[in-house]
Amino acid sequence: MNLTDLFNVCQTRLEKIFNQYLNEPRTDARLLQDAMSYAVLNGGKRVRPAFVYAAHPLFDAPLENCDAPAAAIEFIHSYSLIHDDLPAMDNADLRRGQPSCHKKFGEALAILAGDTLQPLAFEIITSHPAPLSTAQRLSMIQILARASGYHGMAAGQVLDILGKMTKDSLTQMYQLKTGALLSASLQLGAVSGNITDPTILQSLDKFTHCIGLAFQIQDDLLDFENESITGKTKGLDASLNKMTYPVLFGVEESKKTVNTLFEEAHASIEFLGKKGHILKELADYILKRKN
Ligand code: IPE
Ligand code: IPE
Ligand code: MG
Ligand code: MG
Ligand code: MG
């Protein structure tokens, strides 16, 4: 399986699940569904689900067992973006080339769409018909809860808002707001594949630790530079006086750090041998992306 196959699997399977879970008839709250669907279905890259489905070629995890965690992590990610764009946070008008959720539906619905996507992520893990054991489902819930909340994304967003960064605190903020969900994606895949060997899990964590940090630095560089086609307002970080990697260290140093992190990431999965190529391809895709 190469990267194109992986993204195809991801898109096809997610589309099916999203249609199923986002189209449940709830006519009394139709607008809520519209806002949730708008945020989830408007063309994200699906990087986090791709890390979950990578467990299929890597560890022979059945695709069916990857469906619920892949959808769940994308629900959490989508909720995090809706809230990230709100006036109280980044006040971003554009997301994926279209009006951000609150611009389209208003703030109250955008907040509630995020609030609804979050528990839906946990609901899908508990209720999806795949042959996942109770222990697997529990472990997925733990991973997801930890990575989204107090020990992960939400805490990172708070540090982002507080600003005032040193190199160490900036790195910590990136690990929390972005790295935690990326690491969770591969951990969820490992659970789908019943991988319990602590040495393997630690190496995978080292890999996603580097990739998560590089992912956010790359995101900041894309915001900073002109040739990007992010579908987001360019230069927003600067206009918000955000302390980012390029601001603190300059563009060249940031690019160097991204490359070093990718080398470290590659090195940490050498033990996977040929099978590891799918993770390296995913990492390269993140490194070279323009959006
Ligand atoms: C954007 O994530 C937010 C960050 C953590 C940098 P993505 O770049 O994965 O966003 P989409 O889902 O593809 O739009
Ligand atoms: C990542 O940071 C945000 C989340 C954790 C949701 P950014 O604020 O830089 O993400 P973008 O650039 O708006 O996608
Ligand atoms: Mg932000
Ligand atoms: Mg933002
Ligand atoms: Mg950004």
Side-chain angles (χ1 to χ4, degrees), residues 1-18 20 43-77 121 124-125 128-133 135-137 139-140 143-144 147 178-215 218 261-289 291:
M1 192 183 245
N2 63 27
L3 192 65
T4 313
D5 301 328
L6 180 67
F7 274 117
N8 285 339
V9 163
C10 215
Q11 292 293 359
T12 318
R13 298 188 76 93
L14 284 179
E15 202 174 314
K16 222 172 127 193
I17 311 171
F18 289 158
Q20 204 179 322
K45 295 185 288 296
R46 313 301 193 207
V47 167
R48 293 153 196 82
F51 275 111
V52 180
Y53 283 113
H56 174 64
L58 278 172
F59 310 122
D60 298 320
L63 285 173
E64 204 189 352
N65 286 1
C66 299
D67 286 341
I73 196 98
E74 195 66 6
F75 283 154
I76 297 279
H77 169 62
I124 191 171
I125 288 179
H128 191 274
L132 290 162
S133 68
Q136 277 174 308
R137 289 178 203 263
S139 162
M140 286 174 179
I143 291 167
L144 208 53
T178 303
L181 286 183
L182 268 181
S183 294
S185 309
L186 198 52
Q187 286 169 17
L188 289 167
V191 174
S192 305
N194 269 321
I195 301 298
T196 51
D197 182 333
T199 321
I200 297 183
L201 292 174
Q202 263 167 27
S203 305
L204 296 179
D205 269 351
K206 164 84 183 151
F207 173 81
T208 47
H209 184 86
C210 298
I211 297 297
L213 189 50
F215 189 95
Q218 184 75 354
L261 286 164
F262 275 88
E263 279 162 25
E264 268 181 57
H266 277 215
S268 67
I269 50 165
E270 280 312 328
F271 76 99
L272 288 168
K274 273 195 179 159
K275 276 195 163 187
H277 81 91
I278 194 70
L279 289 183
K280 289 182 180 172
E281 280 188 62
L282 249 173
D284 289 344
Y285 165 80
I286 288 171
L287 177 69
K288 294 192 182 117
R289 80 190 199 279
N291 70 341

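Worth saying up front: this structure is predicted, and the values here are computed from it rather than measured.
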Criterion salt bridge (charged side-chain N to carboxylate O under 4.0 Å, His left out) on R46 and E15, from CA distance to verdict: CA-CA 11 Å; R46 313 301 193 207; E15 202 174 314; over 6 Å; no

What's the separation between atom CD in E263 and atom CG in L261, rounded to the nearest 0.5 Å? 9.5 Å

Measure the spacing between CD1 of I143 and CG of L188 and express it to the nearest 0.5 Å. 5.0 Å

Do S203 and F271 pass the side-chain contact (heavy atoms from CB on, under 4.5 Å) test, and can you show the C-alpha distance, the side-chain angles, and the key distance before you say yes or no? CA-CA 9 Å; S203 305; F271 76 99; 3.3 Å; yes

Enclosure of K16 NZ (heavy-atom neighbours >12, cutoff 6.0 Å): no

Quick check on the 6.0 Å ring-centre criterion: do Y285 and F7 meet it? yes

Inspect the contact between R48 and E74 and indicate whether a charged nitrogen and a carboxylate oxygen are less than 4.0 angstrom apart. no

Show your reasoning for whether side-chain hydrogen bond (donor to acceptor under 3.5 Å, both in side chains) applies to E281 and H277. CA-CA 6 Å; E281 280 188 62; H277 81 91; 2.8 Å; yes

Check A61 against H56 and note the closest heavy-atom contact, atom names and distance. O-ND1, 2.8 Å

One pair to check against side-chain contact (heavy atoms from CB on, under 4.5 Å): L144 and M140. What are the steps and the verdict? CA-CA 6 Å; L144 208 53; M140 286 174 179; over 6 Å; no

Treating S183 as the side-chain partner and A180 as the backbone partner, does any N or O pair qualify as donor plus acceptor under 3.5 Å? no

Can you give me the closest heavy-atom contact between A72 and I124, atom names plus distance? CB-CG2, 3.8 Å

Exercise: identify the closest heavy-atom pair between C10 and A50: SG-N, 3.5 Å

Below 4.5 Å, heavy atoms only, C-beta onward: do C210 and S268 meet side chain to side chain? no

Decide yes or no on side-chain contact (heavy atoms from CB on, under 4.5 Å) for L204 and Q187, but give the supporting numbers first. CA-CA 8 Å; L204 296 179; Q187 286 169 17; over 6 Å; no

Taking the side chain as C-beta and beyond, is there a heavy-atom pair between L186 and L279 under 4.5 Å? yes

Flag side-chain contact, heavy atom, 4.5 Å: F51 against I211: yes

pair P49-Q11: side-chain heavy atoms closer than 4.5 Å: no

Let me confirm one number: the NE2-CG distance from H77 to L182, rounded to the nearest 0.5 Å. 9.0 Å

Any side-chain heavy atom of V191 sitting closer than 4.5 Å to one from P69? no

Are Y53 and D5 side-chain neighbours, meaning at least one heavy-atom pair lies under 4.5 Å? no

Please report the interatomic distance OG(S185) to CG(L282), rounded to the nearest 0.5 Å. 10.0 Å

Tell me the closest heavy-atom pair linking I278 and L3, and the distance in Å. CD1-N, 3.9 Å

Correct closest heavy-atom pair for K275 and L58 would be NZ-O, 3.3 Å

List in chain and number order the residues that pass side-chain contact (heavy atoms from CB on, under 4.5 Å) with A130, two or more places apart in sequence or in another chain; answer none if no residue qualifies. E64, N65, H128, L132

Given 3.5 Å as the limit, does a donor-acceptor pair link the side chain of Q136 with the main chain of S133, or not? yes

I'd like to check R289 versus F215 (side-chain heavy atoms, cut-off strictly below 4.5 Å). Are they in contact? yes

Counting C-beta onward and ignoring hydrogens, is there a side-chain heavy-atom pair between E264 and K206 closer than 4.5 Å? yes

Mind listing the closest non-hydrogen atom pair of A54 and L6 along with its distance? N-CD1, 3.8 Å

